[in-house]
Amino acid sequence: MSIGFNQLDHRVQRWVHRQKWKNLRDIQEQAIGPILKEGSDVVISASTASGKTEAFFLPACTKIADQDEGFGILYLSPLKALINDQYRRLEGLCEMLDMNVVPWHGDISQARRNKAKKNPSGIILMTPESLEARLIKDMGWVRRAFSFLRYIVIDEFHAFVGTERGQQLTSLMNRLDALAQDRDLPIPRVALSATLGNINDTPALLRQNYNMPCEIIQGKGESELQLVVKGYYDLPGAQRLNENALQDLYAICRGGSHLVFANSRGNTEDIAARASDLCENNFVPNEFFPHHGSLSRELREFLEKRLQKEDLPTTAVCTMTLELGIDIGKVDSVIQVTPPHSVASLRQRMGRSGRRGTPSVLRMLIPEDKISHISSPGDKLRLRLLQSIAIIRLYIVEKWYEPAESSHFHFSTLVHQILALIAQWGGARAAQIFDQLCDKGSFGNVTIPDFKKILTHMGKKELIQQMHNGELVLGIEGERLVNNYNFYTVFNTPEEYRVVNNEKTIGSLPTESLVTKGQHIIFAGRRWKVNDVDEEKKTVYVNLSKGGVPPKFIGDPIPLHQKIRDEMYKIFNTGDYRIDIGGSKVDFLDSSARNLFKEGLEYFNKHDLSRNKIINENGYVYLVLWASDKIVKTLQMIFGSKGYEVSSFHGIIEIKNVDRHKIENLLKNPSILMGEWTNAKLSSIIGVRHIEKYDEYVPDDLLINSYGNRYFDVKATKHFLEQLYV
DNA sequence: AAGGGCTTCGATAGCT
């Protein structure tokens, strides 16, 4: 083997030999030096199943091999399922080293935790929430157990970036550093990630106060890809996937191992159930199963295990629950039904396909409505197809994907961390809290006046109170929040019904889905009749039955990035979507998708949409701007504030009963149209701004600000309009 | 008329 390999502990080397690896992969080789040196943070970025985990653990375990006191490695993961996977993968290596490894999350038994608690050593695998709980409940133990900690490693780091949980995560790491103040250097942080929008920004996201260098290790590019986009004609207003597409999907998947991404839980359920029906009609055993966040853990694990069995044909119809690195092996192909929402998630999904030596295969099935008198310009432009093509081109040609939005304020999480810090220490001074959370912490964009405002407000709401000596302690309401076990999570959890069949929980439904007794529903890929709804116990009882449609699942908006709309416009403007490979143009649309594209392009040209921005049809003025959803939302609010009846769909703004010239004049005079509006002003005319878990404890003016910056962008809109007619 | 995801948590009572 290599020089790097020789630096590994001989027991680690023996483990590598036993895996029958001929040599270490490139990233594994590269990681050895920086990890062993312990003098820097490290980012390891490579595709799924590229050996990232080993790239970290081989050298890290070498380093802590002979340390028998205290945990040497803290592994943090966004998913319990991932912790269980990693535990299984680490067991062999750790046995070889006679090293402890302990999984620690909400589903791990008390007995197991107590054992680890008495004798902390080796590797601990945790969720951020579990670490939060330990810090609050037993800081003394954490201080002792982690006093010889050598590394903190975060798996699927990209899943945290820009989110409330990400803020909590970095805050937790800072709080660990603060507990270990006698160390010369802070504890090295290692991020493992598949997709990082802009990798050079990652070090700053991993550690805010930046008193540690950071090494970046990047895996080689993607492997070969095969790809086809298939188009379908739907009846106008069709709600469910059309029969032809379903038949194709069945024919593609039957007998193999595939992942079908269908965007919504409702679609996922519908497709899984109807593909199962096809199996039944064809007298073959069912091989189609749904996988999403509302299904019980048992059902999900059953499917994950089944996917690992290579000889058993299995198709998972899934949402993003199968995007992250849960161990399911590689599949023959990925099928995307209806357009993806982002390049980043398409990339993530593609990482699931491509067995050893074979290219990854992507098929997109994109239905569009047959044109009728109710068709909107969005239908006529075939925007679903166009969006699919644009995302593919950005992925393959531009090799671009959305960077995570890391500029949000997340005041809700700040409130949470203030409470957590006070609870952890029993009390703290305002200056200390600011120093740790804001100045040196993950809330660096919060100013001192804003921080003071938040503390004052928290006092008013009895979350905290000030002692005579100036120290802050929990107030009555603060005690109530912190002592609820729901406190450790920083994100919102909607109220749900349990769905029960024969005393077994098969999943949960949001209470907003409003299921009623006697209703027939599709759930967990099967058809049921609702026998009873127990409002008290929040339980829905179901029995197997026939017929039915999926219940309503309610989701949040997923805004489309400006770059995707730019690409969509560019494709129609040039009239060519094909990809240039080695000087020849490669077409990846089937004949009906090509037809759909042609129809869209004809409509684009008919209305001269490379110059013209307005279509006047069916009593509406449609603004076809090719702007990001954020800009569209901003404009929609502004037109709304002027009294127009306005809505938007697929990025096209629709205004009812208005003269097109009036609107055109406004678009041509951005400064008049935009007036004195700011993000905050727009946000202040919205009724309810509570989005995140503890927003109700955030002062209103701060909330107006953060809500405004999240959903609107007046500056970008102004800039966009200034470029519109030049 | 029409579109959309996911994650997680402790202690104890009361039972086998």
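Below, all heavy atoms of this structure are taken into account, side chains as well, without hydrogens, waters or symmetry copies. Reminder, nothing fancy here: chain letters follow the sequence lines and each chain counts from 1.
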Which atoms form the tightest heavy-atom contact between Pro103(A) and Ile83(A), and what is the distance?
CB-CG2, 3.8 Å

Calculate the interatomic distance between [X] atom [atom1] and [N] atom [atom2]; express it in whole Å.
X         : N      : atom1 : atom2 : value
Gln168(A) : dC9(B) : CD    : P     : 10 Å
Glu164(A) : dC6(B) : CD    : P     : 16 Å
Leu560(A) : dG5(B) : CG    : P     : 15 Å
Leu82(A)  : dT7(B) : CG    : P     : 12 Å
His158(A) : dC6(B) : NE2   : C1'   : 12 Å
Glu269(A) : dG5(B) : CD    : P     : 12 Å
Phe487(A) : dT8(B) : CZ    : C1'   : 14 Å
Asp107(A) : dT8(B) : CG    : P     : 8 Å

Taking the inter-plane angle between the rings of Tyr694(A) and Phe487(A) on a 0 to 90° scale, is it parallel (under 30°), tilted (30 to 60°) or perpendicular (over 60°)?
tilted

Regarding [X] and [Y], is there a side-chain donor-to-acceptor distance under 3.5 Å anywhere?
X         : Y         : value
Thr321(A) : His291(A) : yes
Gln417(A) : Arg175(A) : yes
Ser647(A) : Glu654(A) : yes
Arg363(A) : Gln336(A) : no

Set out, line by line, the N/O atom pairs under 3.5 Å between protein and nucleotides 11-16 of chain B.
residue, atom, partner, partner atom, Å
dA11(B), OP2, Gln110(A), NE2, 3.4

Could you walk me through whether Glu599(A) and Lys380(A) satisfy the salt bridge (Lys or Arg N to Asp or Glu O under 4.0 Å) test, starting with their C-alpha distance in whole Å, then the side-chain angles of each, then the deciding distance to 0.1 Å, before giving a yes or no?
CA-CA 7 Å; Glu599(A) 291 168 9; Lys380(A) 293 175 183 163; over 6 Å; no

At 4.0 Å (heavy atoms only), tell me whether Arg300(A) reaches a base, stays on the sugar-phosphate, or touches nothing.
sugar-phosphate

What's Tyr485(A) touching, base or sugar-phosphate or nothing? Going by heavy atoms closer than 4.0 Å.
base

Sorted by chain and residue number, the side chain to side chain contact (heavy atoms under 4.5 Å, CB included) partners of Lys115(A) (sequence neighbours excluded) come out as none

Does a side-chain N or O from Thr489(A) land closer than 4.0 Å to OP1 or OP2 of dT7(B), or not?
no

Between Thr127(A) and dT8(B), does any side-chain N or O lie under 4.0 Å from OP1 or OP2?
no

Phe443(A)/Phe409(A) aromatic ring centres below 6.0 Å:
no

Identify all pairs in which a protein N or O lies below 3.5 Å from an N or O of nucleotides 1-4 of chain B, and state each distance.
residue, atom, partner, partner atom, Å
dA1(B), N6, Tyr620(A), OH, 3.3
dA2(B), OP1, Gln239(A), NE2, 3.3
dA2(B), N6, Glu654(A), OE1, 3.2
dA2(B), N1, Glu654(A), OE1, 2.6
dA2(B), N1, Glu654(A), OE2, 3.0
dG3(B), O6, Ser648(A), O, 3.0

Does dT7(B) have Phe491(A) stacked on its base, where the ring centres are within less than 5.5 Å and the planes differ by under 30°?
yes

